[in-house]
Amino acid sequence: MPETRKPKVYVAILNMGEVRAGTETDMLRWMAEYKDRYQFRLFFPSNRPIPNNRNHIVTDFLKGDYDYLFMLDDDNYPLKNPFRLLDHDKDVIAGVYPGRGTMGLNFHVYKFGDEYPKKIFFKHYPAESRVGLQKVDAIATGCMLIKRWVLEKMRSTKGYGACFEDFFDERGEIITNDDMGFCIKCNELGI
């Protein structure tokens, strides 16, 4: 009986200059936990700026026969095996992690502001609602798993050439970053 093809996962650790010592070892150990079900390829792309790096990753990913794109930012080290995201079989899924902002420490998981889409604005989900797996409006891409068809659809939709791009207003001032831009596009495309 012929062996069935294992889905392929393109793993990109965005190397922006601060990859934590031991990351490669931990990633290989975590991949080994899933080797019976998936094939993995590990990359450390370092293009700049970050949206450019993410879009180069997407281009390289789409040239291959990969099924999933997993991206991890070099400053976002997971405490548990991030490939557990594969168990949920979602089109786009991400891990929630903290960051610093003008309001202090916050977690990068958001809902659209009250005036969306007229005005692009995001609000944080309160801590009491951040429990378990759930659908959200936007989440940072520092630990994200994306199915191939999502990136193919985004790339092939008129006006959506780049999957990751910052959004600017008419004065050229930034409205939101490439992470939230990706999530906005996903919502607009019904993903």
Side-chain angles (χ1 to χ4, degrees), residues 11-23 26-27 30 44-55 57-58 69-88 90-147 150-151 154 162-169 171-191:
V11 178
I13 299 176
L14 281 74
N15 180 1
M16 302 311 285
E18 296 293 326
V19 175
R20 177 182 170 274
T23 299
D26 287 338
M27 293 303 285
W30 287 328
F44 290 88
S46 58
N47 292 295
R48 294 206 186 334
I50 290 172
N52 179 49
N53 200 9
R54 291 196 195 287
N55 287 310
I57 291 166
V58 170
L69 171 60
F70 175 81
M71 289 188 292
L72 182 73
D73 288 359
D74 63 3
D75 63 350
N76 184 27
Y77 191 79
L79 301 176
K80 296 179 181 177
N81 188 335
F83 300 112
R84 295 184 316 159
L85 295 173
L86 288 160
D87 296 336
H88 298 288
K90 299 296 180 188
D91 297 330
V92 178
I93 188 170
V96 177
Y97 55 91
R100 290 182 300 255
T102 57
M103 304 295 285
L105 183 68
N106 58 63
F107 285 81
H108 296 300
V109 57
Y110 307 93
K111 55 185 166 180
F112 291 127
D114 299 332
E115 297 180 52
Y116 182 84
K118 184 178 179 184
K119 181 179 178 185
I120 296 175
F121 179 76
F122 300 93
K123 299 190 279 188
H124 292 281
Y125 279 91
E128 61 273 10
S129 69
R130 291 192 317 260
V131 178
L133 180 65
Q134 57 186 287
K135 184 176 183 194
V136 298
D137 292 332
I139 191 162
T141 58
C143 180
M144 183 172 273
L145 182 75
I146 307 166
K147 284 186 177 179
V150 170
L151 300 167
M154 205 171 280
C163 296
F164 297 92
E165 61 183 318
D166 297 334
F167 282 29
F168 296 91
D169 67 13
R171 294 181 307 273
E173 296 173 4
I174 195 162
I175 297 171
T176 195
N177 62 19
D178 64 302
D179 298 53
M180 300 302 102
F182 174 77
C183 294
I184 289 169
K185 290 176 180 186
C186 283
N187 278 276
E188 289 176 351
L189 293 172
I191 299 168

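Everything quoted here is computed from the prediction, not taken from an experiment.
Using a 4.5 Å cut-off on side-chain heavy atoms (C-beta onward), Leu151 and Leu69 make contact. Within the 4.5 Å cutoff, the side chain of Val136 has no heavy atoms near those of the Lys111 side chain. Inter-residue side-chain proximity for Asp166 and Ile174 is flagged as met; some heavy-atom pair is nearer than 4.5 Å. Proximity of Phe182 to Met144: side-chain heavy atoms (C-beta onward) are separated by under 4.5 Å at one or more points. Using a 4.5 Å heavy-atom cutoff, the side chains of Leu133 and His88 are in contact. Looking at heavy atoms from C-beta onward, Ile139 lies out of side-chain contact with His108 at the 4.5 angstrom threshold. Here the side chains of Asp91 and Ile146 are not in contact, with every heavy-atom distance at 4.5 Å or above. A 4.5 Å side-chain heavy-atom check between Val92 and Lys147 finds every atom pair outside the cut-off.
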Requested in this report: Please test Phe168 against Ile175 for side-chain contact (heavy atoms from CB on, under 4.5 Å), starting from the C-alpha separation and ending with a verdict.
Outcome: CA-CA 5 Å; Phe168 296 91; Ile175 297 171; 5.7 Å; no

Salt bridge (Lys or Arg N to Asp or Glu O under 4.0 Å) for Lys185 and Asp178? Distances and angles first, verdict last.
CA-CA 10 Å; Lys185 290 176 180 186; Asp178 64 302; over 6 Å; no

Take Arg130 and Phe107, measure what side-chain contact (heavy atoms from CB on, under 4.5 Å) needs, and give me the verdict at the end.
CA-CA 9 Å; Arg130 291 192 317 260; Phe107 285 81; 3.2 Å; yes

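In terms of heavy-atom proximity, Ile13 sits nearest to Pro45 at O-CD, 3.5 Å. Nearest approach of Val58 to Cys163, heavy atoms of both residues: CG1-SG, 4.1 Å. Of all heavy-atom pairs between Asp179 and Gly142, the closest is OD2-N, 4.2 Å. Contact record, Cys186 with Met154: SG-CE, 3.7 Å, taken as the closest heavy-atom pair. When all heavy atoms are compared, the tightest approach of Pro82 to Cys143 is CB-SG, 4.2 Å.
In this structure, Phe112 has its ring center under 6.0 Å from that of Phe122. The ring of Tyr110 has its center closer than 6.0 angstrom to the ring center of His124. Taking the six-membered ring where the residue is Trp, the centroids of Phe83 and Phe70 are separated by under 6.0 Å.
Listed for the Glu165 side chain is no donor-acceptor partner under 3.5 Å among the backbone atoms of Asn177. Asp73 places no side-chain N or O within 3.5 Å of a backbone atom of Asn76 that could act as its donor or acceptor partner. With hydrogens and angles ignored, the 3.5 Å screen pairs no side-chain donor or acceptor of Asn47 with any backbone N or O of Asn52. Between the Arg48 side chain and the Asn53 main chain, no donor and acceptor come within less than 3.5 Å of each other. Although no hydrogens or angles enter the test, the distance criterion places a donor-acceptor pair under 3.5 Å between the side chain of Asn55 and the main chain of Pro51.
Distance check, rounded to the nearest 0.5 Å: CD1 of Ile120 to CD1 of Ile184 gives 4.0 Å. Within the model, atoms OG1 of Thr23 and CH2 of Trp30 stand 8.0 Å from one another, a figure rounded to the nearest 0.5 Å. The CG atom of Leu86 lies 5.0 Å from the CG atom of Leu145; values are rounded to the nearest 0.5 Å.
Residue Lys90 places its NZ atom among 12 or fewer non-hydrogen atoms of other residues, nucleotides or ligands, all under 6.0 Å distant.
Look at Asp114 and Lys119 and you find no salt bridge, because none of the NZ, NE, NH1 or NH2 atoms lies under 4.0 Å from a carboxylate O.
Using a 3.5 Å distance cut-off with no hydrogens or angles, the side chains of Asn15 and Ser46 do not pair a donor with an acceptor.
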